[in-house]
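As the structure lists them, so they are numbered: ligands from 1, and atoms in each ligand from 1. These values consider heavy atoms only, across backbone and side chains, with no hydrogens, waters or symmetry-generated copies.
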Amino acid sequence: MAVDTIWVLAEVADGVPITTSLELISQARALAGTVEAVAWGDATASVAATLGEYGVTKIHDVGDLAGSLPGVPVAAAIAAAVAAGGPDAILFPATYDGRDIAARLSVRLDRPVLTNVVGLTTGDAGLVTQHAIFGGSQVLTARFTGAGPGIYVVRAKSFAAEPSGGAPATVVAAPAPDTGATNGAKIIARHVEERTGPKLDEADVVVSGGRGLGEKDQYVLIEELASLLRGAAGASRAIVDAGWVPYSHQVGQTGKTVKPTVYVACGISGATQHLVGMKNSKNIVAINKDQDAPIFSVADLGVVGDVHKVLPKLIEAIKARG
Ligand SMILES: Cc1cc2nc3c(=O)[nH]c(=O)nc-3n(C[C@H](O)[C@H](O)[C@H](O)COP(=O)(O)OP(=O)(O)OC[C@H]3O[C@@H](n4cnc5c(N)ncnc54)[C@H](O)[C@@H]3O)c2cc1C
């Protein structure tokens with residue numbers, strides 16, 4: 001049974017909607033007759049064409065947040081808009097802001113949240129979700145039974161982002177009501193992490209390193225190979241926790257979900273919490289000196305060998321090809 005209306009949180013970064021929001025909008029089109037978005041910022045109108053192209057007919061625009069973090073004002077604005085006639089479901093990307101807003105909205109509406117959603121379909125009684133559990137080895141299904149709207153937090157790469165060629169969305173104001181002292185915190189500075197090459201969760205090639213690299217300095221092998229392949233460098237949690245690389249590099253259950261054409265795992269054992277973040281990659285190459293390492297169970301190409309020998313040779317061979 002398809003539902004009538006779904007709202008999707010459309011996060012905007014660097015002037016464009018983030019890919020995960022576009023993935024959710026694309027899937028919402030298949031599930032509901034009407035797809036609308038909630039956005040904020042000083043330039044919502046500039047993304048109306050892109051959101052429309054993916055199937056959004058209306059944007060509920062919270063407007064400029066005047067230096068606030070989005071959590072409080074956007075959740076309050078959505079709650080107010082819901083009171084005036086809400087959707088059947090609201091989908092949030094599992095980003096920092098998406099999770100923050102969903103949690104605050106849950107409290108405001110006194111409705112539970114289904115988190116870590118990796119699949120969303122329609123069943124006899126409305127929307128049905130899939131959730132990967134036990135590190136992705138099992139999938140459970142769930143659905144809301146009470147009154148709506150259902151709040152869903154969905155993992156990146158659960159669906160494909162596909163435009164449908166719609167007209168630009170109309171923009172309606174959905175300002176936040178006065179939230180008093182709860183909205184007192186203001187952003188006073190922003191630090192953008194330096195990055196060369198594609199974003200980890202959007203790269204076509206990801207080369208990740210794990211504890212098998214032995215020491216922090218060896219991570220340059222990962223960065224060099226990633227750069228030669230015009231890809232992004234990722235990491236297991238073990239080396240993030242060890243302080244070798246920042247958390248933004250982490251792939252897995254508590255890091256990023258990636259789905260590149262090629263994923264190269266170097267010195268990574270293949271713990272279920274890592275696999276859940278990369279096992280849907282199209283082609284997986286694993287380099288590990290232990291032939292029984294679990295990573296080989298998902299690898300399309302396995303190299304049993306020492307990363308300190310294999311990676312320099314691989315880098316040399318790619319350079320030789322020019
Ligand atoms: C709640 C929870 C959430 C978690 N979330 C994540 C997550 O998001 N992402 C994540 O990655 N992990 C996560 N983990 C941690 C996870 O369980 C593993 O501990 C972690 O993935 C292991 O990292 P690793 O493979 O780099 O290290 P190890 O498990 O220590 O594996 C190192 C591998 O390197 C190989 N090796 C050693 N030397 C060499 C060499 N010279 N050449 C080639 N191979 C070599 C070894 O054979 C071994 O297979 C989570 C854990 C928990 C409990």
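In this structure, ligand 1 sits under 4.0 Å from heavy atoms belonging to Gly210, Arg211, Gly212, Ser236, Arg237, Ala238, Gln250, Val251, Gly252, Gln253, Thr254, Gly255, Gly267, Ile268, Ser269, Ala271, Gln273, His274, Asn288, Lys289, Asp290, Gly305, Asp306, Val307, His308.
In this structure, Thr5 has no side-chain hydrogen bond (donor to acceptor under 3.5 Å, both in side chains) partners at least two apart in sequence or on a different chain. Here Thr20 pairs with nothing under the side-chain hydrogen bond (donor to acceptor under 3.5 Å, both in side chains) rule; sequence neighbours left out. Residues passing the side-chain hydrogen bond (donor to acceptor under 3.5 Å, both in side chains) test with Ser248 are Glu193, sequence neighbours excluded.
For the residue pair Ser106/Arg111, the side-chain donor-acceptor check at 3.5 Å is not satisfied.
Within a 6.0 Å sphere centred on CD of Glu215, heavy atoms belonging to other residues, nucleotides or ligands number more than 12.
Comment: Glu23 does not engage Lys259 in a salt bridge, judged by the lack of any side-chain N to carboxylate O separation of less than 4.0 angstrom.
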